[in-house]
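Along the sequence shown, the residues carry numbers beginning at 1.
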Amino acid sequence: MSAPGSAAAAPPSSRRRTFLADLTASFVVFLVAVPLCVGVAVASGVPAELGLVTGIVGGLVTGFLPGSSLQVSGPAAGLTVLVYQAVQQFGLSVLGVLVLATGLLQLLMGALRVGRWFRAISVSVVEGMLAGIGLVLIAGQLYSMAGLGAPATSLAKIAGLPGMLVDVVRSPAALTSFALGLGTIAVLVLWARMPRRLRVVPAPLVAVGLAIAAGAFLGPSVAMVEVQGLVDSIQPPGPDDFRRLAELGVLGTILAFTLIASAESLFSAAAVDRLHDGPRTRYNRELMAQGAGNAVCGVLGALPLTAVIVRSAANVQAGARTKASRVLHGVWLLLFAALVPAALGLIPVAALAGVLVHAGCKLIPLAEIRRLWREHRGEALVLTATALAIVSVGMFEGVLVGLALSVVKTAWDTSRVHLDVTDPGTGPLTVRLSGSATFLRLPKLLDQLEALPQDRPVEVDLSDLHHLDHACRASLENWAARHSAETVEPVRFAQRL
């Protein structure tokens with residue numbers, strides 16, 4: 001017997017309204033997804049069609065599975081930089097192995113109920129990770145907007161931006177391409193200020209549509225997306241590609257894919273849950289759904305997928321009621337890729353670069369950094385250090401730096417030891433320690449102990465001490481031995497060290 005309010009128990013008119021709402025939302029998400037799927041693929045250095053393949057899998061596979069009812073998955077800007085680096089280092093054929101292994105790891109973590117633990121990752125680390133990705137993405141795509149080659153490293157890209165702007169001014173072709181990209185960004189920014197009835201059409205679709213018209217007017221001076229067909233773009237990994245799993249660099253990239261894709265998806269789920277009143281996300285199941293999608297993408301040699309907040313928010317705001325909207329959006333992507341793949345060849349590369357520059361800017365949480373600097377400067381420093389480490393060293397290393405700094409900060413915050421001295425006037429001084437005594441607070445603690453009068457006996461009360469690590473224990477013993485040598489009576493402890 002169906003529960004009250006379930007789909008089966010709902011009257012036909014209610015089911016019809018729900019389906020129409022999901023159908024409308026699916027079209028909106030489809031229109032948002034097309035330029036983003038293609039743009040992420042081009043920026044990742046893979047055929048444009050592979051972005052659509054990942055979007056299709058995100059709709060038909062991940063979208064069909066339980067987890068988060070309204071969250072939409074597909075290729076994400078947050079992984080663009082890492083995917084590009086992996087393709088350049090290991091080759092396009094190995095991408096499928098990386099993504100397949102990522103999916104299998106996510107399935108395993110979901111089965112082991114690890115999904116909820118991703119909620120324990122410091123938000124500052126995740127936002128710093130996204131900010132670093134955004135900076136690298138912006139720097140790289142500015143070169144693509146101008147149709148110019150970009151330096152190999154992230155720091156070189158940023159350092160070379162002034163020179164790149166000089167080259168743009170000197171080259172009419174580069175200036176035309178760059179202006180087209182800037183126009184795309186302007187449309188994306190200004191579309192939010194348009195009347196509500198116009199904003200029914202997604203901003204990325206409008207921006208890319210206008211860029212297609214401008215590209216047709218400008219002619220061959222503007223580079224277009226290269227098209228090779230949906231079937232031809234699919235390259236399943238072969239036996240030689242799987243042998244690369246023995247390489248340390250490949251394993252490190254898989255771990256980075258897994259960490260970033262999982263964290264971004266589950267943080268996105270938490271954000272989407274705040275946008276609607278429907279069923280809440282079941283994190284372990286959502287992690288398994290993401291894993292299943294990535295496993296399929298890996299078999300097809302496509303891009304990794306994550307939950308994407310832009311598409312998910314569009315889905316909720318368009319009135320979606322159930323997961324049918326995200327499944328249908330996958331159907332429309334499949335029909336588009338199968339029936340009109342040549343339409344991709346009409347899109348200027350500069351326009352897609354503009355879309356991704358805009359997406360990169362949205363990854364940098366300027367308002368959150370200002371708020372953290374006012375209220376929690378330690379968290380702001382973790383966020384900033386993570387972003388800078390990603391830009392200067394690399395994605396995986398930057399995330400590890402952020403996690404390490406977050407752990408150190410937490411240890412520092414929780415390691416608070418207080419020293420109170422009671423002087424009765426005559427007899428021994430009473431020193432009471434409370435809190436948690438760890439090596440992080442040891443210098444200050446020793447300064448306070450060594451400031452005690454050297455000619456007075458001391459009694460140390462440790463009864464209010466919650467934790468005493470080995471470094472502090474050894475230092476207290478050494479201090480007690482030195483102090484006892486200066487007085488007639490040895491230092492006495494209220495309880496054993």
Enumerate donor-acceptor pairs with a distance under 3.5 Å from any side-chain N or O in residues 28-53 to protein atoms, sequence neighbours excluded.
residue : atom : partner : partner atom : Å
Ser44   : OG   : Val40   : O            : 2.7
Glu49   : OE2  : Gln228  : N            : 2.9
Glu49   : OE2  : Gly229  : N            : 3.1

Using the side chain to side chain contact (heavy atoms under 4.5 Å, CB included) rule, take Thr258 and Met109 through it: C-alpha gap first, then chi angles, then the decisive distance, then the call.
-> CA-CA 10 Å; Thr258 304; Met109 291 191 302; 3.4 Å; yes
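- Under the 4.5 Å side-chain criterion, counting only non-hydrogen atoms from C-beta, Val299 is not in contact with Cys297.
- In this structure, CZ on Arg244 lies 10.0 Å from OG1 on Thr253, to the nearest 0.5 angstrom.
- Inter-residue side-chain proximity for Phe178 and Leu182 is flagged as met; some heavy-atom pair is nearer than 4.5 Å.
- Ala21 and Gly319 get closest at one heavy-atom pair: CB-O, 3.4 Å.
- Cation-pi geometry between Lys157 and Tyr143 is not satisfied (NZ or CZ under 6.0 Å from the ring centre, within 45° of the ring normal).
- Listed here is the closest heavy atom pair of Gly63 and Arg326: O-NE, 2.8 Å.
- Atom-to-atom distance recorded for Leu23:CG and His329:NE2 is 14.0 Å, nearest 0.5 angstrom.
- At distances below 3.5 Å, at least one donor-acceptor pair connects side-chain atoms of Lys323 with backbone N or O atoms of Phe64.
- Residues Val125 and Ser406 share a closest heavy-atom pair of CG2-CB, 3.8 Å.
- The 12-atom threshold is not exceeded at CG of Leu248, counting heavy atoms of other residues, nucleotides or ligands nearer than 6.0 Å.
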Just do the side chain to side chain contact (heavy atoms under 4.5 Å, CB included) check on Leu245 and Ile254 with the steps written out, would you?
-> CA-CA 9 Å; Leu245 287 171; Ile254 291 169; 3.6 Å; yes
Gln235 vs Ser93, side-chain hydrogen bond (donor to acceptor under 3.5 Å, both in side chains): CA-CA, chis, key distance, verdict = CA-CA 7 Å; Gln235 299 181 23; Ser93 62; over 6 Å; no
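- Checking Thr184, Leu180, Ile185 one by one against Met145, the side chain to side chain contact (heavy atoms under 4.5 Å, CB included) holds for a single residue, Ile185.
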Report the C-alpha separation of Lys409 and Val382 in whole Å, then their side-chain angles, then the decisive distance to 0.1 Å, and conclude whether the side chain to side chain contact (heavy atoms under 4.5 Å, CB included) test is met.
-> CA-CA 8 Å; Lys409 177 189 174 298; Val382 170; 4.1 Å; yes
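- Between the side chains of Glu286 and Gln290, at least one donor N or O sits under 3.5 Å from an acceptor N or O.
- When atom types are taken as modelled, the side chain of Asp22 and the backbone of Ala320 share no donor-acceptor pair closer than 3.5 angstrom.
- Put simply, the side chain of Leu95 does not reach to within 4.5 Å of the side chain of Phe90, judged on heavy atoms.
- Summarising the geometry, atom CD1 belonging to Ile260 is positioned 11.5 Å from atom OG belonging to Ser265; distances are rounded to the nearest 0.5 Å.
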Which side-chain N or O atoms in residues 301-315 pair as donor and acceptor under 3.5 Å with protein atoms at least two apart or in another chain?
residue : atom : partner : partner atom : Å
Arg311  : NH2  : Pro75   : O            : 2.6
Ser312  : OG   : Val72   : N            : 2.9
Ser312  : OG   : Val72   : O            : 3.4
Ser312  : OG   : Val308  : O            : 2.7
Asn315  : OD1  : Ser325  : OG           : 2.9
Asn315  : ND2  : Leu70   : O            : 2.9
Asn315  : ND2  : Ser325  : OG           : 3.2

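- For the atom pair CG of Leu104 and CG of Leu108, the computed distance is 9.0 Å after rounding to the nearest 0.5 Å.
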Before giving the answer on side chain to side chain contact (heavy atoms under 4.5 Å, CB included), spell out for Val401 and Val393 the whole-Å C-alpha distance, their side-chain angles and the decisive distance to 0.1 Å.
-> CA-CA 10 Å; Val401 167; Val393 182; over 6 Å; no
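- Taking both residues in full, the closest heavy atoms of Gly103 and Asn294 are given as CA-CB, 3.6 Å, listed atom of the first, atom of the second, then distance.
- In this structure, CD1 on Ile212 lies 6.0 Å from CG on Leu346, to the nearest 0.5 angstrom.
- Among pairs with a residue in residues 332-342, those fulfilling side chain to side chain donor-acceptor pair (under 3.5 Å) read Ser26-Trp332, at least two apart in sequence or across chains.
- The two atoms that bring Met224 and Gly345 nearest to each other are CB-O, 3.2 Å, heavy atoms only.
- From Thr54, atom OG1 reaches atom CG of Leu300 across 8.5 Å, with rounding to the nearest 0.5 Å.
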Please lay out, stage by stage, how Asp469 and Thr438 fare under the test side-chain hydrogen bond (donor to acceptor under 3.5 Å, both in side chains).
-> CA-CA 5 Å; Asp469 71 4; Thr438 71; 4.7 Å; no
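- Within 6.0 Å of atom CZ in Arg285, 12 or fewer heavy atoms from other residues, nucleotides or ligands are found, so the atom counts as exposed in its surroundings.
- Remark: the Ser68 side chain and the Thr281 side chain contain an N/O donor-acceptor pair separated by less than 3.5 Å.
- The shortest side-chain heavy-atom distance between Arg416 and Arg441 falls under the 4.5 Å cut-off.
- Between Arg371 and Glu375 there is a salt bridge, with a side-chain nitrogen of the basic residue lying less than 4.0 Å from a carboxylate oxygen of the acidic one.
- Smallest separation of non-hydrogen atoms from Val206 and Trp191: CG2-CZ2, 3.6 Å.
- Under the 6.0 Å distance and 45° angle rule, Arg377 counts as a cation-pi partner of Trp373.
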